[in-house]
Structure formats: C-alpha cells, structure tokens
Q: 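Here it is, the structure, as structure tokens.
Every number for a ligand or one of its atoms is a count from 1 in the order of the listing. The basis for the numbers below is simple: all heavy atoms, side chains too, and nothing from hydrogens, waters or symmetry mates. Numbering of residues begins at 1 and proceeds along the displayed sequence.
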Amino acid sequence: MKKFKQLMIIGVKANGKVAAEAALKMNRWERIAFLEDDPSISFCMGIRIVDRIDEVFKYINDYEILVALGDNKIRAQLHEEMKKAGAVIPKVVHPAAVIGEMVEIGRGTVVMAGAIINCSSRIGEGCMICSGASIDHDNLIEDYVHIAPGVHTAGTVTIGKHSWVGIGSVISNNISIASDSTIGAGAVVLKNIIEAGIYAGVPARKIK
Ligand SMILES: CC(C)(COP(=O)(O)OP(=O)(O)OC[C@H]1O[C@@H](n2cnc3c(N)ncnc32)[C@H](O)[C@@H]1OP(=O)(O)O)[C@@H](O)C(=O)NCCC(=O)NCCS
C-alpha cells in the first residue's frame, strides 16, 4: 500500500484527539494536521486545524487520511467515501498497545495505549479500541465499533457493526452482540444480544 509522510485526522474532539496521541507516539508521520468544522478551535495538542471537513478531497493525494469522528455511523459514511475516493487510510496503533499473534486490524482503526488484543482476533475497519480495553482470543469486532476504555471481552466474542460498548463493561465468552447495539457503562453481558437496542446493568438487560 502507498504511504505518505503526512497524516490528516478528521475530527478534533475526543476520538480525534486520542487518535492524534497514538499517531504522534508511532513517530511514523513527519506532519500531522486536523480537519474540523468547529470554527472556535484552531489547534489541538499543538496540532493545527487546517481546514473544514468537506475540504478533505484537496488532501488525499498528499496525506494519509484517518476519519476519527465519534459517531460510529457518521465515521463509517466518511470512511467509505474516503475509500471510494482512493484515499490512503492507515491503522493507528499506539506502541503501548499489545497486539497478539494472528491478529488482523482493519484500516482506519485506532488502538489506544494499554489495549490488549489477544491472538487470532479480527478487528474491522474504522473501529476505536480505547485505553486499557482487552479483547481476548478469537474475537470478531466488526467495522465501525467503539470499544470504550476498560472494556473486557472474553474469548470468541462477536460484536456487530456500528455497536458502541460503554466504559468498563464485560462481555462473557462466546457471546454475540447484534449490530447497532449500545452497551451501557459497567454492564455485564452474559447472553447473546440478538436485537439492536440499549442494554445496561448486571446482568445486562434491554433498557431501550
Ligand atoms: C447506557 C447509556 C448509553 C444509556 O443512556 P440513555 O439512553 O441516555 O439512558 P438514560 O440516562 O435515560 O437511562 C435510562 C435508565 O437506565 C439506567 N441506566 C442508564 N445507564 C445505565 C448503566 N450504564 N447501568 C445501569 N443502568 C443504567 C438509568 O439509571 C435509567 O434508569 P431509570 O429509568 O430507572 O431512572 C448510558 O447511560 C451509558 O452507560 N453510557 C456509557 C458512557 C460511556 O461509556 N462513556 C465512555 C465514552 S469513551
């Protein structure tokens, strides 16, 4: 795959900021810049916001492009547009993450410090795997999933596309979670979730 020495991160709020932190620590790009629509922000962590998000097409011949917007579906849409436009999309893995053998990580995914992804797990495209999360062996984390800090998934878990897994939650072994699900902070998921919705509590139950 083609590589550029410059990285453009789309979105400067929580996800963009932590993605920039991981990208800086990788020491791979000579220049990192942001695109952001909030006119009140000019810099983030000393990195300049150079343009509005809809100007991204100007940059795809010189920069690798990482879509780091917080909303899973909006991130998915722009990531797909970037793929169609032929953008070079990197994966961003903090050097303090631990990545096991035979792990696959899709492009546009960010893995933060302290995250552990154990052997034979597959992480899709455009995912966020936040600080200190652990994904055990043989998991399938589908595209555009957000795994918040400190989540633990046991072995052979599947988490469907666009799902959002809240801070500190625990997913037991062999569990499947339907696409578009939300798992609340601190939930313990002990049964398959077959219908999208919001699930919380110990054990997790549908609340919405
Ligand atoms: C699950 C969640 C998304 C639901 O948000 P919401 O739709 O706004 O839900 P509400 O606040 O209206 O709560 C509805 C009910 O569920 C309960 N509830 C909400 N979240 C809960 C949780 N995590 N655990 C247990 N109960 C929860 C509320 O107490 C409320 O109960 P009540 O009707 O008896 O008062 C949210 O509470 C949550 O846990 N977010 C995770 C935040 C997080 O992980 N942030 C990290 C970002 S990286």
Q: Report yes if the side chains of Val56 and Val67 come closer than 4.5 Å at any heavy-atom pair, otherwise no.
A: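 They are not in side-chain contact.
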Q: Between Lys25 and Glu21, is there a side-chain N and carboxylate O pair less than 4.0 Å apart?
A: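 Looking at Glu21 together with Lys25, the answer is yes, because their closest N to O distance falls below 4.0 Å.
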Q: Who are the side chain to side chain donor-acceptor pair (under 3.5 Å) partners of Glu125, not counting sequence neighbours?
A: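 Checked Glu125 against side chain to side chain donor-acceptor pair (under 3.5 Å); matches are His79, Lys83.
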Q: Can you confirm whether Lys13 sits close enough to Asp38 that some side-chain heavy atom of one is under 4.5 Å from a side-chain heavy atom of the other?
A: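 Sidechains of Asp38 and Lys13: in contact.
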Q: Could you walk me through whether His162 and Asp180 pass side chain to side chain donor-acceptor pair (under 3.5 Å), step by step?
A: CA-CA 5 Å; His162 304 131; Asp180 301 305; 3.2 Å; yes
Q: Under 4.5 Å between any side-chain heavy atoms of Leu24 and Ile47, yes or no?
A: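 Sidechains of Ile47 and Leu24: in contact.
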Q: Can you give me a line-by-line list of nitrogen or oxygen pairs between ligand 1 and the protein shorter than 3.5 Å?
A:
{"from": "ligand 1", "atom 1": "7 (O)", "to": "Lys208", "atom 2": "NZ", "distance (Å)": "2.9"}
{"from": "ligand 1", "atom 1": "9 (O)", "to": "Lys208", "atom 2": "NZ", "distance (Å)": "3.4"}
{"from": "ligand 1", "atom 1": "12 (O)", "to": "Lys208", "atom 2": "NZ", "distance (Å)": "3.0"}
{"from": "ligand 1", "atom 1": "23 (N)", "to": "Ala185", "atom 2": "N", "distance (Å)": "3.2"}
{"from": "ligand 1", "atom 1": "23 (N)", "to": "Ala185", "atom 2": "O", "distance (Å)": "2.9"}
{"from": "ligand 1", "atom 1": "39 (O)", "to": "Ala185", "atom 2": "N", "distance (Å)": "2.9"}
{"from": "ligand 1", "atom 1": "44 (O)", "to": "Ile167", "atom 2": "N", "distance (Å)": "2.7"}

